[in-house]
Amino acid sequence: MREGCAVHLPASEYSRFTLEEASMLTRRLLLVLCACVLLPVTTASAADKKTRILFVTQSKGFVHSSVKRGDSLSVAEIALTQLGEKTGQFEVDCTQDCAADFTKENLQKYDIVAFYTTGELPIPDDAKDYFFKVWLKEKGHGVLGFHSAMDTLDKYEPYWDMIGGSFLSHPWTSGTQVTLTNYEPENPLTAPFGKDFTLKEEIYMYRHWQPEKVHVLLSLDYAKSPTKNPVPTELGYHVPVCWIKNYGEGRVYCNNLGHNETSWTNQAYLDSITAAVKWIRGDFDVDATPNPQVSTEAEAKAKADFEAHGFTSKK
């Protein structure tokens, strides 16, 4: 019997009723009991179930200061963990040991995998296969890609095809002030940045960039982001910074920001991450249809700004 549904009547009370009345009362009691059995039970744990994130911060190439551990977790790991605690939206487990923790069995505990990584991660082959062919395609699952997630597994096509591109160069280094153009300032994922957003950050350019597979949300504005470093233009001028895509029924959110430790205290960046978690788990929908026309228009503008503002090409 479910708690709160038990109904009791002392035997002595039945003597007050006729046989017919007692029979009617019994039928009524049975109806009450059946209703109690059929009522759905909503527990606090089910209603308040938090999204679980596996935050992978292993570096097999350059080790960024934001994910470099000392006596405790790194800056990025602490920031994402505290963000989950503050918002009450998610819980984070951090790992720098893919061989042990990025396994088929362990992935089944998580809703989202976040990458802030470099190089050829030692992920077991069976886990790679499961991750891309099964896990990531399931509804409610997704990937958060931060900064050098796009400098990871660049020899493994399923990964760079999923994440959206591979590191080519970063003419805009960590001390450079850059301005980003927000194509969808009303989109919950990028609304925190406003129409234009300025900060000091290291910004990547990419190879393997496929505009026909992604929905671009933020790009670098050349006219407002001068750099004295030469820019490699052999693969194009457009510099995407944030984009999303559907992956089966799963969802992918990528944001180049996060190189600088200060980015992990930037409220707009943190609010965007929180919104991305909610989007991945299905709290709201946004259009993730590829928008290659945005990249086409951004390419033309970037080239014109490059030529008008004294940038030099990398030879």
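When a residue number appears, it is its place in the shown sequence, counting from 1. Remember, predicted model here, so these are calculated numbers, not experimental data.
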[X] side chain near [Y] side chain, heavy-atom distance below 4.5 Å:
{"X": "F90", "Y": "I112", "answer": "no"}
{"X": "L136", "Y": "M162", "answer": "yes"}
{"X": "H309", "Y": "P226", "answer": "no"}
{"X": "L83", "Y": "T274", "answer": "yes"}
{"X": "K128", "Y": "L153", "answer": "yes"}
{"X": "F102", "Y": "L121", "answer": "no"}
{"X": "S263", "Y": "E201", "answer": "yes"}
{"X": "L217", "Y": "N187", "answer": "yes"}

If we count only N and O atoms by modelled type, under 3.5 Å, do the side chains of [X] and [Y] hold a donor and an acceptor together?
{"X": "D101", "Y": "T95", "value": "yes"}
{"X": "S74", "Y": "Y116", "value": "no"}
{"X": "T190", "Y": "N182", "value": "yes"}
{"X": "T173", "Y": "E202", "value": "no"}
{"X": "S166", "Y": "Y206", "value": "no"}
{"X": "Y159", "Y": "D161", "value": "no"}

For the residue pair [X] and [Y], what are the closest heavy atoms and their distance?
{"X": "G145", "Y": "I163", "result": "CA-CD1, 4.2 Å"}
{"X": "N260", "Y": "W264", "result": "O-CD1, 3.7 Å"}
{"X": "G236", "Y": "M205", "result": "O-CE, 3.6 Å"}
{"X": "P240", "Y": "H238", "result": "CD-O, 3.4 Å"}
{"X": "P188", "Y": "A275", "result": "O-CB, 3.4 Å"}
{"X": "P232", "Y": "L168", "result": "CG-CD2, 4.1 Å"}

Side-chain donor or acceptor of [X] paired with backbone N/O of [Y] under 3.5 Å:
{"X": "S148", "Y": "M150", "result": "no"}
{"X": "W160", "Y": "K155", "result": "no"}
{"X": "N291", "Y": "V216", "result": "yes"}
{"X": "N255", "Y": "L257", "result": "yes"}
{"X": "T296", "Y": "P292", "result": "yes"}
{"X": "T117", "Y": "T152", "result": "no"}
{"X": "D97", "Y": "A100", "result": "yes"}

- side-chain contact (heavy atoms from CB on, under 4.5 Å) between K228 and T312, worked out: CA-CA 8 Å; K228 295 180 180 179; T312 59; over 6 Å; no
- Task: Give a yes or no on whether K303 atom NZ has more than 12 heavy-atom contacts from other residues, nucleotides or ligands under 6.0 Å away.
- Result: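 Counting other residues, nucleotides and ligands, NZ of K303 stays at 12 neighbours or fewer.
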- Message: Atom CD of residue position Q108 - does it have more than 12 heavy atoms of other residues, nucleotides or ligands inside 6.0 Å?
- Response: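 Atom CD in Q108 is packed in, count exceeds 12.
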Please tell me whether [X] and [Y] are part of a single hydrophobic cluster in this structure, the criterion being side-chain heavy atoms less than 4.5 Å apart.
{"X": "V294", "Y": "L180", "answer": "no"}
{"X": "Y183", "Y": "L218", "answer": "no"}
{"X": "V113", "Y": "W279", "answer": "no"}
{"X": "V214", "Y": "L235", "answer": "no"}
{"X": "V143", "Y": "V277", "answer": "no"}

- Do F311 and Y222 have their ring centres less than 6.0 Å from each other?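 That pair passes the under 6.0 Å test.
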Hey, could you give me the [atom1]/[atom2] distance between [X] and [Y], rounded to the nearest 0.5 Å?
{"X": "C254", "Y": "I244", "atom1": "SG", "atom2": "CD1", "value": "10.0 Å"}
{"X": "C242", "Y": "F197", "atom1": "SG", "atom2": "CZ", "value": "11.5 Å"}
{"X": "I280", "Y": "T51", "atom1": "CD1", "atom2": "OG1", "value": "9.0 Å"}
{"X": "L144", "Y": "F146", "atom1": "CG", "atom2": "CZ", "value": "4.5 Å"}
{"X": "L270", "Y": "L80", "atom1": "CG", "atom2": "CG", "value": "9.0 Å"}
{"X": "I273", "Y": "L189", "atom1": "CD1", "atom2": "CG", "value": "11.5 Å"}

- Query: When you measure from the centre of the six-membered ring of Y130, is the NZ or CZ of K104 under 6.0 Å away and within 45° of the axis?
  - Reply: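 The answer is yes; both the distance and angle limits are met.
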- Out of F167, F115, Y204, Y269, which one pairs with H147 under the ring-ring contact (aromatic ring centres under 6.0 Å, His included) rule?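 It is Y204; the other options fail the test.
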- May I ask you to list the residues sharing a hydrophobic cluster with I78, side-chain cutoff 4.5 Å, ordered by chain and number?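 Under the 4.5 Å side-chain rule, I78 groups with L73.
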- Query: Which is it for H208 and E157 under the side chain to side chain donor-acceptor pair (under 3.5 Å) test, yes or no, and what are the steps along the way?
  - Reply: CA-CA 9 Å; H208 297 142; E157 183 173 349; over 6 Å; no
List, one per line, each side-chain donor-acceptor pair under 3.5 Å for residues 53-63, sequence neighbours excluded.
unit_1, atom_1, unit_2, atom_2, d
T57, OG1, E77, OE2, 2.7
T57, OG1, Q96, NE2, 3.1
Q58, OE1, C98, N, 2.8

- Message: Between D111 and R281, does any side-chain N to carboxylate O distance fall below 4.0 Å?
- Response: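 Judged by the 4.0 Å cut-off on N to carboxylate O distance, D111 and R281 do not form a salt bridge.
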- Query: With a 4.0 Å cut-off, would you call D305 and K224 a salt bridge?
  - Reply: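 Salt bridge absent between D305 and K224.
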- Message: With side-chain contact (heavy atoms from CB on, under 4.5 Å) as the criterion, how do D271 and F193 come out once you've worked through the C-alpha distance, each side chain's angles and the decisive distance to 0.1 Å?
- Response: CA-CA 9 Å; D271 287 348; F193 298 112; over 6 Å; no
- Task: Write out all pairs satisfying side chain to side chain donor-acceptor pair (under 3.5 Å) with one or both partners inside residues 242-252, taking only residues at least two apart or from two chains.
- Result: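 Output for this query lists R251-D285.
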- Task: Show the numbers, then the answer: is there a side chain to side chain donor-acceptor pair (under 3.5 Å) between E261 and S65?
- Result: CA-CA 7 Å; E261 295 180 21; S65 65; 3.1 Å; yes
- Message: Is there a side-chain contact (heavy atoms from CB on, under 4.5 Å) between T262 and K200? Walk through the geometry before answering.
- Response: CA-CA 9 Å; T262 53; K200 286 187 177 181; over 6 Å; no
- Chi angles and distances behind the side-chain contact (heavy atoms from CB on, under 4.5 Å) call for T176, I203: CA-CA 9 Å; T176 307; I203 303 296; over 6 Å; no
- For side chain to side chain donor-acceptor pair (under 3.5 Å), just list the numbers for S225 and T179, CA-CA rounded to whole Å, side-chain angles, deciding distance to a tenth of an Å, and then say yes or no. CA-CA 6 Å; S225 307; T179 296; 4.6 Å; no
